[in-house]
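Notes to accompany the following structure.
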Amino acid sequence: MSLHDGGIPEPHDDGPRPVGCGGPGPATPGPARRGRPRSEAAEQAIFDAAIELLEAGTPLAELSIEKLARTAGVGKATIYRRWPGKEELFVDLLRSVELPDPVLPGTSVRDDLVTLLESIRQRGLAKRTSALLHNVFSQMQLYPKLWNTYHHTVIEPRRRLGLDAVRRGMERGEIRDDLDVELVNDLFTGPLLLRTVIRPGGTLEPGLAERIVDTVLEGLRPRT
């Protein structure tokens with residue numbers, strides 16, 4: 001966008017130049033780059049605008065690109081260059097305020113699953129203490145397109161972390177290998193999901209991840 005739009009200016013906002021056109025820049029070509037340079041200032045302004053509107057009580061269904069652009073002080077084109085729609089924007093916003101996905105140590109199936117479940121516990125606590133997260137997640141499942149986008153881009157990759165950890169445990173002989181991988185993963189994650197999603201008032205005390213993993217592992221170890 002330009003300064004005349006009244007928003008945050010971005011580099012190269014006037015569109016690509018024809019091949020061969022002159023302009024300021026280094027004499028030697030640099031490495032090829034995909035897409036336009038991203039302006040962190042503009043992106044943060046858009047996120048701040050979304051948070052401001054959500055915290056003011058604006059329902060997700062009423063958060064249009066036009067309203068976000070006006071509140072952020074950017075042009076609509078600035079938003080559409082980053083995200084094809086508001087669903088993808090909201091998913092990136094949630095990622096920016098949620099805890100990052102855990103890095104599993106890979107030392108044992110117990111270590112991996114305790115790390116994974118502890119991250120679920122921490123995210124559950126964050127949703128209880130963050131008005132923004134509570135507001136968004138309470139509405140998101142009523143907005144199918146947004147929920148599907150979040151599910152495919154955030155939840156499914158997290159679920160694969162658990163499935164991969166279980167498979168490694170089976171390959172190492174730490175878990176019986178005659179069991180269904182998805183069922184085993186659900187046995188580990190189910191208790192925490194029950195307390196964070198279905199029973200949001202359930203206790204999430206420290207040490208819960210370890211207790212769940214040790215209890216379930218006790219019944220899943222290979223038979224001797």
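Positions are given from 1, in the same order as the sequence printed here.
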Original post:
Counting distance only, does the side-chain N/O of Lys86 pair as donor-acceptor with the main-chain N or O of Leu63 below 3.5 Å?
Top reply: yes

Original post:
Side chain of Asn135, backbone of Leu54: donor and acceptor closer than 3.5 Å?
Top reply: yes

**OP:** For Arg160 and Glu182, run salt bridge (Lys or Arg N to Asp or Glu O under 4.0 Å): C-alpha distance rounded to whole Å, both residues' side-chain angles, the deciding distance at 0.1 Å, then the answer.
**Re:** CA-CA 10 Å; Arg160 284 196 293 273; Glu182 293 209 7; over 6 Å; no

**OP:** Look at Glu118 together with Arg121 and state whether they make a salt bridge at an N to O cut-off of under 4.0 Å.
**Re:** yes

**OP:** Might you point out which heavy atoms bring Arg172 and Ser108 nearest each other, and give the distance in Å?
**Re:** NH1-CA, 3.4 Å

Subject >> Ala69 to Gly75 - nearest heavy-atom pair and separation >> reply: CB-C, 4.1 Å

**OP:** Kindly write out the residues that satisfy salt bridge (charged side-chain N to carboxylate O under 4.0 Å, His left out) with Glu210, not counting sequence neighbours, or none if the list is empty.
**Re:** none

Original post:
Okay, side chain of Asp112, backbone of Gly106: is any donor-acceptor separation there less than 3.5 Å?
Top reply: yes

Subject >> Test item: Phe47 and Asp92 side chains (from C-beta on) under 4.5 Å apart, heavy atoms >> reply: yes

Original post:
When rounded to the nearest 0.5 angstrom, what is the spacing between CG in Leu93 and CD in Glu88?
Top reply: 13.0 Å

Original post:
If you measure from CG on Leu217 to CD1 on Ile212, what distance do you get to the nearest 0.5 Å?
Top reply: 12.0 Å

Original post:
Of the non-hydrogen atoms in Leu68 and Ile46, which two are nearest, and what is the gap between them?
Top reply: CD2-O, 4.5 Å

Subject >> Whether Thr78 side chain and Val74 backbone form a donor-acceptor pair below 3.5 Å >> reply: no

Subject >> In one Ile/Leu/Val/Met/Phe/Trp/Tyr side-chain cluster, 4.5 Å: Leu193, Trp147 >> reply: no

Original post:
In terms of side-chain geometry, is the basic nitrogen of Glu98 or Arg158 positioned less than 4.0 Å from the acidic oxygen of its partner?
Top reply: yes

**OP:** Compare all side-chain heavy atoms of Leu146 with those of Val91 and state whether any distance is below 4.5 angstrom.
**Re:** yes

Subject >> Minimum heavy-atom distance Ala165-Val109, with the two atoms named >> reply: O-CG2, 3.6 Å

Original post:
Is Trp83 reachable from Tyr80 through a run of I, L, V, M, F, W or Y residues, each pair having side-chain heavy atoms under 4.5 Å apart?
Top reply: yes

Original post:
Regarding Glu87 and Tyr150, is there a side-chain donor-to-acceptor distance under 3.5 Å anywhere?
Top reply: no

Original post:
Would you say the side-chain atoms of Arg123 and Thr196 include a donor-acceptor pair closer than 3.5 Å?
Top reply: no

Original post:
Is a donor on one side and an acceptor on the other found under 3.5 Å between the side chain of Arg176 and the backbone of Arg221?
Top reply: no

Original post:
Roughly how far apart are Gln122 CD and Leu192 CG, rounded to 0.5 Å?
Top reply: 10.5 Å

**OP:** Measure the CG-CD1 distance between Leu99 and Ile120 for me, rounded to the nearest 0.5 Å.
**Re:** 12.0 Å

**OP:** Mind checking the CG-OH spacing from Asn148 to Tyr143? Nearest 0.5 Å is all I need.
**Re:** 11.5 Å

**OP:** Check whether any side-chain heavy atom of Arg95 sits under 4.5 Å from a side-chain heavy atom of Thr153, and report yes or no.
**Re:** yes

Original post:
Within the side chain of Thr115, is there an N or O that forms a donor-acceptor pair under 3.5 Å with the backbone of Asp111?
Top reply: yes

**OP:** Without swapping roles, check the side chain of Thr71 against the backbone of Lys67 for a donor-acceptor pair under 3.5 Å.
**Re:** yes

Subject >> Listed partners of Asp48 passing salt bridge (charged side-chain N to carboxylate O under 4.0 Å, His left out), at least two apart >> reply: none

Original post:
Asp177: what forms a salt bridge (charged side-chain N to carboxylate O under 4.0 Å, His left out) with it, not counting sequence neighbours?
Top reply: none

**OP:** Determine whether the side chains of Glu40 and Gln44 contain a donor N or O and an acceptor N or O closer than 3.5 Å.
**Re:** no

Subject >> Cluster check Leu94, Leu125: I/L/V/M/F/W/Y, side chain < 4.5 angstrom >> reply: no

Original post:
Looking only at heavy atoms, which two atoms of Pro222 and Gly173 are closest? And how far apart?
Top reply: CG-O, 3.0 Å

**OP:** Consider only side-chain heavy atoms of I, L, V, M, F, W and Y, link residues closer than 4.5 Å, and tell whether Val97 and Phe90 are in one cluster.
**Re:** yes

Subject >> Check: Leu60 main-chain N/O paired with Gln139 side-chain donor or acceptor under 3.5 Å >> reply: yes

Original post:
When rounded to the nearest 0.5 angstrom, what is the spacing between CD1 in Ile175 and CZ in Arg168?
Top reply: 10.5 Å

Subject >> salt bridge (Lys or Arg N to Asp or Glu O under 4.0 Å) between Glu43 and Arg82, worked out >> reply: CA-CA 8 Å; Glu43 188 165 300; Arg82 288 162 170 74; 3.7 Å; yes

**OP:** Evaluate whether atom CD of Glu218 has more than 12 neighbouring non-hydrogen atoms of other residues, nucleotides or ligands under 6.0 angstrom away.
**Re:** no

**OP:** For residues Leu204 and Arg128, determine if any side-chain heavy atom of one lies less than 4.5 Å from a side-chain heavy atom of the other.
**Re:** yes

Subject >> Minimal non-hydrogen separation, Leu142 against Ser138, with atom names >> reply: CD1-O, 4.4 Å

Subject >> Verify same cluster id: Ile155, Leu104 (apolar side-chain graph, 4.5 Å) >> reply: no

